[in-house]
Structure formats: C-alpha cells, structure tokens
Participant: 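I am attaching a structure below and will ask some questions about it afterwards.
Only a predicted model underlies this, so the values are computations on that prediction, with no experimental measurement involved.
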Amino acid sequence: MDIVSETLGLYNGVSTQDEILRLSNQVSESINCYHTLDMGLRRRNPTSILSQDIGITSETFIYNYERDIEEKYSIVISSGTMKAIDLSDGTTKTVNNISSAFNYLVPFSNSGFSAVTVKDTTFIVNKNKQVLSNNTTQVDPNINTVIIWVKRAEPVTGYNYYVKINGSAQIESTGIKSTHLVAADIVTKLTAQGYSCTSIGNMVRITGTTITSVQAFDNVGDTAITYIWKNVNGEAELPAEFPVAWNNYTVVVGGKTSGNAQYWLKYSNGVWKETYDPTIYARLNYTTMPHKLTRKEDISGNVYFDFEVISWNNKEVGDSEYSKDPSFIGSYITDIFFYRNRLGFLSKDGITFSQDGNYYNLFRTTQVSVLDSDRIDVIVDSKKVLNLQYAEFLQDDIILFGDKSQFRLNVNSGTLTPYTISATMISEYDVNTSIRPFVIDDKIIFLAKNINTSSVYMFTKDKLGVVNSAECISAQVPDYIDGNIRQITGSSVNSILFFRSNENKDTLYVYKYYEQGNELIQSAWSKWKFDGDIFNIFVSESKLFIVLNRFNRITDEEWFFKDGIINDEYEWNDEYPVLDSLDSARSNIEVLDIFPKPIDTTFSDIGSVEYSSDVTLSRYIPKQSNKARLSDTVSLKTLSVKATDDSKFDIVITNKGNERVVDKKYSAQRRLFIGGKPKETSIKIGSNSSLGFEINGIAIEARINNRSRSM
C-alpha cells in the first residue's frame, strides 16, 4: 500500500477527454472562472451597465467603429433599423435615414452583414441583398450618321472626289480648289438624291436615313477624302478638329474590315475621349449595392451619422466583352474589406477590388490597355463549388474562407495590380460559415462543422511565413462546445477568446491561452454564464461588451393597494391593481473588465445579480512516470486548497449522492479529509456569493493499493 500526495495547478481549464488522457492541471468543468498562470484561479469580473432598456430583444448585427481611443461607437443593425451607441457613456447618437436607405437592411439576418470603415465612412453590405444592374440597351445614335471628311484640295486644278451612299448613283465633285467648297458641293448633290446633309467647314454630316453602305474616294490614291462611319482602323483616321456642333459623335476604333471592336471614342468639346459602347447603358442599381454610414458633426460639435445610398460610378468606357460588369452583379456580395488603398468585395466564387484610390469605381478606366491602378476582378479557380464567405487578414496575406475550401490571395510583387494577383488553395476544412472568423494577433480563429458540437481551429504562419494548415485548439474539449456558435471575439491584450452560442444563450465559451516564443504554455477552456439571453458580444481593448436581455426583473405578478403597499394575497379588484411592468426582461449593454479585479471586489453583475463561480475537479488518477496507474485500487484521503488568506470559497464533496459543503477555512493550510473512491466522488470548489477568491492549486493525498504487490 502506498500513500501518494500530488500538488496540481488548475490553469489549463477544462478537458472533456477520457480522464486517463487529461493533464493533471485540467478540470472537468469551470464556470465563471478566470484561469491564469501567474494569479491562480480567479472569479470572472462582474458586469456594469453601459446602456439599459435599449430595445434589443433578438439577435442583432453589431459593428464596432473605433475612431480613436476616446471615441468609439457600436453600430447596431436589426431588420430595417440602425442605431449608433456611444461606448463612452452609452448614449444613442442620431442616425439619419437618408432617402429611405434603411430599406437596404432588409432582409435581415444576424450573420448577413459585413462592414469596414475607411476614415469616417463605414461601408455596410447586406449579404442577403442580391446585387443588380440597371443596364439598358439602345440603338447606337450614330449608326445612321456618316461623316465625310474632305482632307485636302488641289489649289490649281482641283481633285476629283467621289461619294456613294447605299449603292445609289455615285456623285462626283471636280475642279473645286477649296476643301470647304468641296464639302458644300457634296451636300448639294447628296441632298438632290434625297439625303439629309449639312456641312461645317471641310466636313459633311449625312443623317436622317438608314445607312447600309458608304464609299468615298478620289483620284489621288484616296488621300484627299475619307469617311467616318461605325469603325475606324485607328485614331489617326479621326480629325483632330471636329465641329463642336456635332459633339458626342461616337466611333469605334478597331478596324473597318475585321469588325473587331476594340474601344469607343466620343468627340466632346475639342477632344476625342474614350467612352462606352453607346448600345449599352451600364449602370449599377445603387439600392442593391453597399451603403455608407458617415460620421458627421453639427455646428455645435455634436456627433451624428448619415446612412445613405452611394452613387457608385457607372461604366464610362468599353463594352460588355472587354470591360465587363463586376462579377458579383446578379449574385451577392459576401464580404467587404479594405486592402492597399482599394475597397475589396468578396462574392461566392471571386473577388473584386475597386480602382486604386477611387473606392466608388468598379469598372475599367480604359479599354485600350489594363492599367496597374484599374479595378481588379478575379474568379478563383477551383474544381469545387466555392461559396466564399469571408476575407480575413493574416499579417499581409488575405485568407479567403469558403465552406469547403480556403485560399490565400497572392500578390506576386509589391504592388497590387490586375497582373500580380492570384489565389492558391491552402486547406479544405469543413468551415462553419455562419460564423465570421476572428483575427487576433497573428492568428485567424474559425470553427469547423461537427454534427452537434464545434471544433475551433487556428491559422498561423510557420517560421518561413507560409500558411500551411490550421491547428485544432479545442482538441481537449471535443464535446464541450455546442454546435450552434454564432460569434467569436477576443482580446489580444489578455490572450483570450469568447464564443457566443445561440443554443445556450446565457453562456460564453472562453478560451484563455498563453504563448512563450512558439510554445503554447496555457490552453484553458471554460464557460462564463450570465442571467439572460446574450445577443451580441464584442471587445474593445481590455473590456468585454455584452448585449443581452437580463432576467432579473420580478416575474411573479405583484398586486398593490392603491396607496402603493404590496399585497399578493388578494385577487384583482379596483383596490388592488397589478404592477405588470415588472414582468419583463431588461435589454442592456453591459461591460466588464477582462483582467481580474482584486478579490475584495463585490462580484455581482450590474451591482445586484449574484452568480456562482466554481470548478469541478477531474477524477483523480495517480500517475507514475506520467503514465496512469490503472491497475491500482485508489481511495482518496485528504484535500488541501492553496489559496490567498482573504479568499472566500466552499468545497462541495459529493460521494454516492451524499453532499458535504465545507468552508474554505477548513481546507486552507490544513488537510481536509475526503474519503471514498475517485469514481464515486465529485469535488467542486467555488463561491455563489459576492466574495472573491484566488486559488493557486490543490494538493491531493490518496491511498493506493497496488494489486500486483498484494498478489
């Protein structure tokens, strides 16, 4: 028979693996505790109210806009409404609904929005809103307009000029020594044939009839006269000086013979400018495109916001073949982000960047060539259906998350251009795309799909700066985290992550970690519970903000005398009105400091709601050379809890259904007798009052009967 004594830390949180596989510093459950390496096991901090009765009774989308250290806002979106809450004092700022922009917020789903802020403008995407165009087709207004250009004349005898329209009789102009007079002579003769003509200077304009064919030539190698209709081979075929009265005349530069249209030019006030195909008027449907929320100030310095439709640039150049609409038209924008002075738009199978420096232009600026600054539109190449949902940054890389595949967006030189961008598949995790991945430090946290539970993964870069695969950081709790997680947030300052559940709405799953170099020293899971349904969480610096409905109001009917004295013993009558306003939940934004407070703090949420903080120890299995001694018969003997003197907690020992509650004073600096076999004994340490504790470890003493020796 052996007597063994082990001192165990509690800093590695919960493990739900087989007890044989658990580390000695892990527990089977932890509620409302904060696991640390240097300060022992502490209680989670209490909350305080930032804003109450805010009218949030269901899930919302909340985007946090941090302008600077002193000025931060939460933008709260629900179906068809939006509010801005000042996080410094909980007050609500005015959000003006410009031109019915709130219509863009419908249809609503909590995971159906994305937002990014550039300076004081926040771009908001409703992922459930199909993006449409307002493209219209029309007849080319210049299709039946011909320009005859008399380029030069012979001042002595004159050239011979010939024009033939639609195969009709050919006209001839001879012996005229001025280009202007030649043009006037051509007008006279074509008019006599029934054509509508006019001349300005040395040019003739023929309109008013259907044009099917044109010929214009001369007796000097066709160098003295030409025509402009539909196409020209190159810009050199266009006159530098063109009548201003004929502004907006459009022609295709691309070859008369091949018919291969390259680009369009339009004459405007003395200049031939590149323009769009006049048969297609390409416009975006602004009401289906991302909208913007702009922070502004009135003359008194009071902050307010305008939510409004954006007047996105329409197509200014090109056609539908070489200057296509953004690839998300007709589909959905699944994410929006900002990267290298461009606004980025993710769709299910591709990614689009705005023009460099011009966030509102999603079209090419010229069809003549592709400029480095032009918009970028890339379809991600894959054999699988992609369903890309999120774009997140891992240092300078962009990781694209689909539900079945993940990609790294590569920029093959220092400059982001249409020529330097590509995408490489890096993994094929079955990602839960109802939850946005969360970036913390140099990591991206995401969830993988299980049947009824969730697995948490973490992307990092290796020593060579390459993203290869993700590590599962929830391997020690394979069945702990439920399968309906809806949100991830965290604090890099505190090295902590929070996971909000839509199944256990009062619960946050908490992951506390600590790294030293490239080694993970702490990996602690636990739960924080609150008396209410949690609808949203977010972190700013070292504070956790919680949007929830508190269930701390009186739920039973209270009957009052008309003088205000409570009396619950009588049925209702005119003398005993019911105070039914108490029978409701309170919708709050609450905040708590993540870093543990001193243990003499009053641990009550919003100053009045008490909560329990406790850990349940794992079954004790003695080990030898780090291997479990499973062949031994073990009986527990004593327990000692190492804690600070001013800690207040109870020890609850349950053996075969019999519960014994022992005050902390009987276990501090002394050994508390336990008794019983580990399989039959449960040990819980904690407090359900408003008192704090700091537990640095436990010492367990057990009696071991080695079966092999007894034989």
Participant: Hey, is Lys461 close enough to Asp397 for a salt bridge, meaning N to O under 4.0 Å?
Facilitator: yes

Participant: Between Asp356 and Arg375, is the closest basic N to carboxylate O distance under 4.0 Å?
Facilitator: no

Participant: For the backbone of Thr334 and the side chain of Lys127, can you confirm whether one donor and one acceptor N or O come within less than 3.5 Å of each other?
Facilitator: yes

Participant: Can you confirm if the aromatic rings of Tyr359 and Phe338 lie within a centre distance of less than 6.0 Å?
Facilitator: yes

Participant: Given the side-chain rings of Tyr429 and Phe401, with only the six-membered ring counted for Trp, is the space between their centroids under 6.0 Å?
Facilitator: no

Participant: The criterion is ring-ring contact (aromatic ring centres under 6.0 Å, His included); which residues satisfy it with Phe345, sequence neighbours excluded?
Facilitator: Trp312, Phe328

Participant: Taking only residues two or more places apart in sequence or in another chain, which ones pass side-chain contact (heavy atoms from CB on, under 4.5 Å) with Asn387?
Facilitator: Lys348, Gln389, Asp403

Participant: Could you label the plane-to-plane angle of the Trp525 and Phe499 rings as parallel, tilted or perpendicular, counting under 30° as parallel and over 60° as perpendicular?
Facilitator: tilted

Participant: Before accepting this row, confirm whether a basic side-chain N of the pair Glu590/Arg550 lies closer than 4.0 Å to the acidic partner's carboxylate O.
Facilitator: yes

Participant: Under the side-chain contact (heavy atoms from CB on, under 4.5 Å) rule, collect the residues that match up with Asn504, sequence neighbours excluded.
Facilitator: Asp482, Ser501, Asp506, Thr507, Tyr509

Participant: Strictly below 4.0 Å, N to O, side chains only: are Asp396 and Arg340 in salt-bridge contact?
Facilitator: yes

Participant: Using the benzene-type ring in the case of Trp, are the ring centres of Phe307 and Tyr104 under 6.0 Å apart?
Facilitator: no

Participant: Ring centres under 6.0 Å, that's the criterion: do Phe438 and Phe446 meet it?
Facilitator: no

Participant: side-chain contact (heavy atoms from CB on, under 4.5 Å) with Ser311: which residues, sequence neighbours excluded?
Facilitator: Tyr286

Participant: Salt-bridged, Glu392 to Arg436, with N to O below 4.0 Å?
Facilitator: yes

Participant: Listed by chain and number, what are the side-chain contact (heavy atoms from CB on, under 4.5 Å) partners of Asp306, not counting sequence neighbours?
Facilitator: Asn96, Ile98, Lys296, Tyr304, Glu308

Participant: Hey, are Lys324 and Asp377 close enough for a salt bridge, meaning a charged N less than 4.0 Å from a carboxylate O?
Facilitator: no

Participant: Does the distance from a Lys or Arg side-chain N to an Asp or Glu carboxylate O, for Glu541 and Lys72, drop under 4.0 Å?
Facilitator: yes

Participant: Could you list the residues that satisfy side chain to side chain donor-acceptor pair (under 3.5 Å) with Arg500, not counting sequence neighbours?
Facilitator: Glu59, Gln487

